[in-house]
Amino acid sequence: MGIKIYAYIMILLGLVCIAIVFIPPHSSTVRTVLYLAVGLWSIFNGVKRLRR
């Protein structure tokens, strides 16, 4: 049960990171790419944990 909660938190975190990229005015390309990468990575890991 704890693993599922952790997975959902990771997916939520990823969505928040991706939302941060699109909402404010872009400050720098590097930061945008970084947030997108972290967001996608955590969503991917969360989904992987849920499937297990």
Side-chain angles (χ1 to χ4, degrees):
M1 190 64 195
I3 294 168
K4 269 194 175 173
I5 292 167
Y6 183 68
Y8 283 123
I9 290 170
M10 282 195 87
I11 291 169
L12 271 172
L13 233 145
L15 289 173
V16 166
C17 278
I18 291 169
I20 286 169
V21 168
F22 289 111
I23 291 164
H26 302 307
S27 49
S28 69
T29 316
V30 177
R31 191 189 287 182
T32 303
V33 171
L34 203 74
Y35 270 117
L36 271 175
V38 169
L40 289 173
W41 179 81
S42 62
I43 289 171
F44 176 74
N45 271 359
V47 170
K48 210 164 71 177
R49 277 177 199 272
L50 281 177
R51 288 219 180 124
R52 214 179 285 155

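Quick caveat, the model's predicted, so the values are computed rather than measured.
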- Message: How close do Ala7 and Leu50 get, counting heavy atoms only, and between which atoms?
- Response: CB-CG, 3.7 Å
- Those residues that, when tested against Leu15, pass side-chain contact (heavy atoms from CB on, under 4.5 Å) (two or more places apart): Ile11, Ile43
- Decide whether Leu36 and Val16 are clustered together by the hydrophobic rule: side chain heavy atoms of Ile, Leu, Val, Met, Phe, Trp, Tyr closer than 4.5 Å, transitively. yes
- Task: Please check if Val47 and Leu40 belong to a single hydrophobic cluster, counting links between Ile, Leu, Val, Met, Phe, Trp and Tyr side chain heavy atoms closer than 4.5 Å.
- Result: yes
- From OH (Tyr8) to CG (Leu12), nearest 0.5 Å: 10.0 Å
- Message: Checking Ile9 now: which residues fulfil side-chain contact (heavy atoms from CB on, under 4.5 Å) with it, not counting sequence neighbours?
- Response: Ile5, Leu13
- Item | Heavy-atom closest contact (Gly46 atom, Met10 atom, distance) | CA-CB, 4.2 Å
- Task: Give the minimum heavy-atom separation between Gly14 and Ser42, together with the two atoms involved.
- Result: CA-OG, 3.0 Å
- Note on the structure: Taking every heavy atom of Cys17 against every heavy atom of Gly39, the minimum-distance pair comes out as CB-CA, 3.8 Å
- Same hydrophobic cluster for Leu34 and Phe22, using side-chain heavy-atom links shorter than 4.5 Å among ILVMFWY? no
- Task: Indicate, with yes or no, if Val38 and Phe44 share a hydrophobic cluster defined by side-chain heavy-atom contacts under 4.5 Å among Ile, Leu, Val, Met, Phe, Trp and Tyr.
- Result: no
